[in-house]
There are 2 protein chains.
Amino acid sequence: MQTTTTQNTETVINGVNVTRLGQTIEAIQSRPELAQFRFRARNQWDIGGHNQATVDTFHGVCQEMEHKQPFTFDADEPTVLLGEDNGANPVEFVLAGLSGCMTTTLAYHAANRGMKIEEIRSEYEGDIDLQGLLGLDPNVRSGYREIRVKFKVKGDADEATIQELLRKSPVYDSLRNPVMIKVEVQKL
Amino acid sequence: MQTTTTQNTETVINGVNVTRLGQTIEAIQSRPELAQFRFRARNQWDIGGHNQATVDTFHGVCQEMEHKQPFTFDADEPTVLLGEDNGANPVEFVLAGLSGCMTTTLAYHAANRGMKIEEIRSEYEGDIDLQGLLGLDPNVRSGYREIRVKFKVKGDADEATIQELLRKSPVYDSLRNPVMIKVEVQKL
């Protein structure tokens with residue numbers, strides 16, 4: 001594990017600059033408003049199950065910010081769900097987001113505790129019963145009933161610590177616990 | 001709106017083949033096991049906040065299926081969150097998934113009710129307080145506190161119907177209501 005020997009050297013563990021991470025935490029402790037982030041996306045329907053989402057700007061550390069480049073995502077349904085398979089299914093985007101979030105949360109939090117991680121691989125499988133979306137059974141929800149996650153990790157952290165750190169993930173929390181969603185509709 | 005005149009003509013509304021949609025619903029009503037889908041993703045950590053998710057196979061209509069091609073997604077953190085901005089942030093993937101899902105749910109359900117939609121655009125903004133992820137305040141959750149959604153829709157459906165149909169979205173439900181998530185960890 002890399003460690004500092006002088007005040008001017010920055011420590012990097014797991015690719016995370018923990019010197020800057022520590023400075024960020026100190027800054028937020030004195031000014032909690034720096035921690036208020038607003039993330040965004042917008043979407044344009046194409047046809048049928050095909051639409052395109054764009055992510056470019058966000059708000060954080062008390063200012064408007066933008067990514068180096070806009071990120072665009074085609075979503076579609078596979079043929080069996082009457083689409084043309086031009087992109088992943090929206091419910092698969094959620095698993096992709098969950099995977100990125102749990103992975104990054106582990107790498108960052110382990111770094112912050114001085115634990116070096118060499119490898120992280122993970123798999124996700126979620127159950128959806130289409131009777132819910134189709135309104136065929138009022139007792140069946142439309143969303144994921146259960147998501148199973150398997151992590152394989154090589155590094156300093158033990159299993160219990162890895163389990164603890166993974167559950168700090170913002171996407172894990174957003175799925176595990178209810179999120180308030182407010183929907184406005186405007187007719188054109 | 002396009003309508004059938006003979007038994008052999010298939011009706012397509014909003015790009016959705018409602019003839020096949022009706023057949024799918026009938027098939028599920030007689031064999032509910034056809035409606036049991038399992039969606040998947042896997043993830044490989046690169047370094048720091050950078051990792052890559054892959055979506056390719058899924059299970060549905062009682063068989064293993066795969067997309068026409070694998071879909072891969074780079075996730076990263078922006079510079080302000082100590083990443084290199086090689087991809088959208090994982091919490092932004094969730095908004096992208098929510099946007100695709102609400103859009104498709106509206107297009108499909110409107111089609112199923114015979115309502116033609118000409119245009120759907122939408123915007124998403126979600127609040128995350130990083131004090132939660134960083135463990136600086138035990139009363140602050142790590143995930144989204146609130147997500148605000150704005151839809152602009154041109155078409156036959158009225159506002160109340162659009163609101164009703166949007167809330168059938170599986171990703172909306174997955175965020176709005178708790179999802180069971182089981183996590184296994186294996187040390188390599």
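A, B, ... follow the sequence lines: proteins, then strands. Residue 1 opens every chain. No experiment lies behind these values; they were computed from the predicted model shown. Values reported hereafter were calculated over all heavy atoms of this structure, with side chains retained and with hydrogens, waters and symmetry mates removed.
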Max heavy-atom pair count under 4.5 Å with chain A, selected residue of Ala96(B), Gly83(B), Ala75(B), Ala111(B): Ala96(B)
Heavy-atom contact with chain A under 4.5 Å, split by part of Leu81(B): both
From CA spacing to verdict: side-chain hydrogen bond (donor to acceptor under 3.5 Å, both in side chains), Ser99(B), Asn51(A): CA-CA 9 Å; Ser99(B) 79; Asn51(A) 58 73; 5.0 Å; no
Proximal component of Asn86(A), with respect to chain B [non-hydrogen, under 4.5 Å]: backbone
Carboxylate-amine/guanidinium proximity below 4.0 Å for Arg42(B) and Glu123(A): no
Residue part contacting chain B, namely of Leu166(A), when any heavy atom lies under 4.5 Å: side chain
Steps toward side chain to side chain contact (heavy atoms under 4.5 Å, CB included) verdict (Lys150(A), Val183(B)): CA-CA 6 Å; Lys150(A) 289 182 186 176; Val183(B) 183; over 6 Å; no
Per-residue contact mode, Leu21(B) against chain A (heavy atom under 4.5 angstrom): both
Residue selection (most heavy-atom pairs with chain B, distance under 4.5 Å) from Gly135(A), Pro70(A), Gly60(A), Gly49(A): Gly49(A)
Heavy-atom pair count under 4.5 Å with chain B, highest-scoring of His67(A), Glu159(A), Lys154(A): His67(A)
Greatest number of heavy atom pairs closer than 4.5 Å to chain A - which of Met65(B), Lys68(B), Gln44(B): Lys68(B)
Shared hydrophobic cluster, Phe71(A) / Leu95(B) (ILVMFWY, side-chain heavy atoms < 4.5 Å): no
is_close_aromatic(Phe93(A), Phe73(B)), centroid dist under 6.0 Å: yes
Residue selection (most heavy-atom pairs with chain A, distance under 4.5 Å) from Gly15(B), Ala53(B), Pro178(B): Pro178(B)
Residue selection (most heavy-atom pairs with chain B, distance under 4.5 Å) from Thr24(A), Val140(A), Asp56(A), Ile25(A): Ile25(A)
Segment of Asn14(B) engaging chain A (4.5 angstrom heavy-atom cut-off): both
Contact class of Glu118(A) relative to chain B, heavy atoms under 4.5 angstrom: backbone
Within-4.5 Å side-chain heavy-atom neighbours: Asn43(A) and Arg121(B): no
Heavy-atom pair count under 4.5 Å with chain A, highest-scoring of Ala35(B), Gly97(B), Pro32(B): Ala35(B)
Region of Phe58(A) in contact with chain B, defined by heavy-atom distances below 4.5 Å: side chain
Heavy-atom pair count under 4.5 Å with chain B, highest-scoring of Glu66(A), Glu84(A), Gln52(A), Gln69(A): Glu84(A)
salt_bridge(Arg38(A), Glu125(B)) N-O dist < 4.0 Å: yes
Heavy-atom pairs under 4.5 Å with chain B, option from Thr79(A), Asp76(A), Val80(A), Leu98(A) with the top count: Val80(A)
Heavy-atom contact with chain B under 4.5 Å, split by part of Val185(A): both
Side chain to side chain, Lys187(A) and Lys152(B), heavy atoms closer than 4.5 Å: no
Option in Leu130(B), Val171(B), Asn112(B) with maximal non-hydrogen atom pairs under 4.5 Å from chain A: Leu130(B)
Validation row: Val153(B), Leu188(A) side chains within 4.5 angstrom (heavy atoms): no
Side chain, backbone, both or neither of Phe151(A) within contact of chain B (heavy atoms, under 4.5 Å): both
Interatomic distance, Gln163(A) atom CD to Glu184(B) atom CD [nearest 0.5 angstrom]: 9.0 Å
side-chain contact (heavy atoms from CB on, under 4.5 Å) partner of Phe39(A), the single match among Ile147(B), Asp127(B), Ile128(B): Ile128(B)
CG-CD distance between Leu134(A) and Gln29(B), expressed to the nearest 0.5 angstrom: 9.0 Å
Shortest non-hydrogen separation from Ala107(A) to Gly48(B) and the atoms involved: CB-O, 3.8 Å
Side-chain heavy-atom pair Trp45(A), Leu106(B) within 4.5 angstrom cut-off: no
SB check Asp173(B) Arg141(A) (cutoff 4.0 Å): yes
Proximal component of Val91(A), with respect to chain B [non-hydrogen, under 4.5 Å]: both
Structural part of Ser169(A) lying under 4.5 Å from a heavy atom of chain B: backbone
Part of Ala157(B) within contact of chain A (heavy atom distance under 4.5 Å): backbone
Pick from Ile117(A), Ile120(A), Val55(A), Ile47(A) with the largest number of heavy-atom pairs that fall under 4.5 Å of chain B: Ile120(A)
Distance, nearest 0.5 Å, that separates CD1 of Ile181(A) from CZ of Arg148(B): 12.0 Å
Between Glu119(B), Glu92(B), Gln131(B), Lys168(B), the one whose heavy-atom pairs under 4.5 Å with chain A are most numerous: Glu92(B)
Leu34(A), part contacting chain B, at a heavy-atom distance under 4.5 Å: neither
Chi angles and distances behind the side chain to side chain contact (heavy atoms under 4.5 Å, CB included) call for Glu146(B), Lys182(A): CA-CA 8 Å; Glu146(B) 179 183 287; Lys182(A) 293 181 179 168; 3.1 Å; yes
Heavy-atom proximity to chain B below 4.5 Å, by part of Tyr108(A): side chain
Structural part of Ala160(A) lying under 4.5 Å from a heavy atom of chain B: neither
Exercise: identify the closest heavy-atom pair between Pro170(A) and Leu133(B): CD-CD1, 3.8 Å
Worked check of side chain to side chain contact (heavy atoms under 4.5 Å, CB included) between Ser174(A) and Leu175(B): CA-CA 6 Å; Ser174(A) 299; Leu175(B) 290 166; 4.1 Å; yes
Minimal non-hydrogen separation, Pro90(A) against Gly100(B), with atom names: CG-C, 3.4 Å
Rounded distance [0.5 Å steps], OG1 in Thr103(A) versus CG in Asp46(B): 11.5 Å
Per-residue contact mode, His59(A) against chain B (heavy atom under 4.5 angstrom): neither
Test log, rule side chain to side chain contact (heavy atoms under 4.5 Å, CB included), inputs Arg176(A) and Met180(B): CA-CA 6 Å; Arg176(A) 190 67 195 80; Met180(B) 175 63 63; 4.1 Å; yes
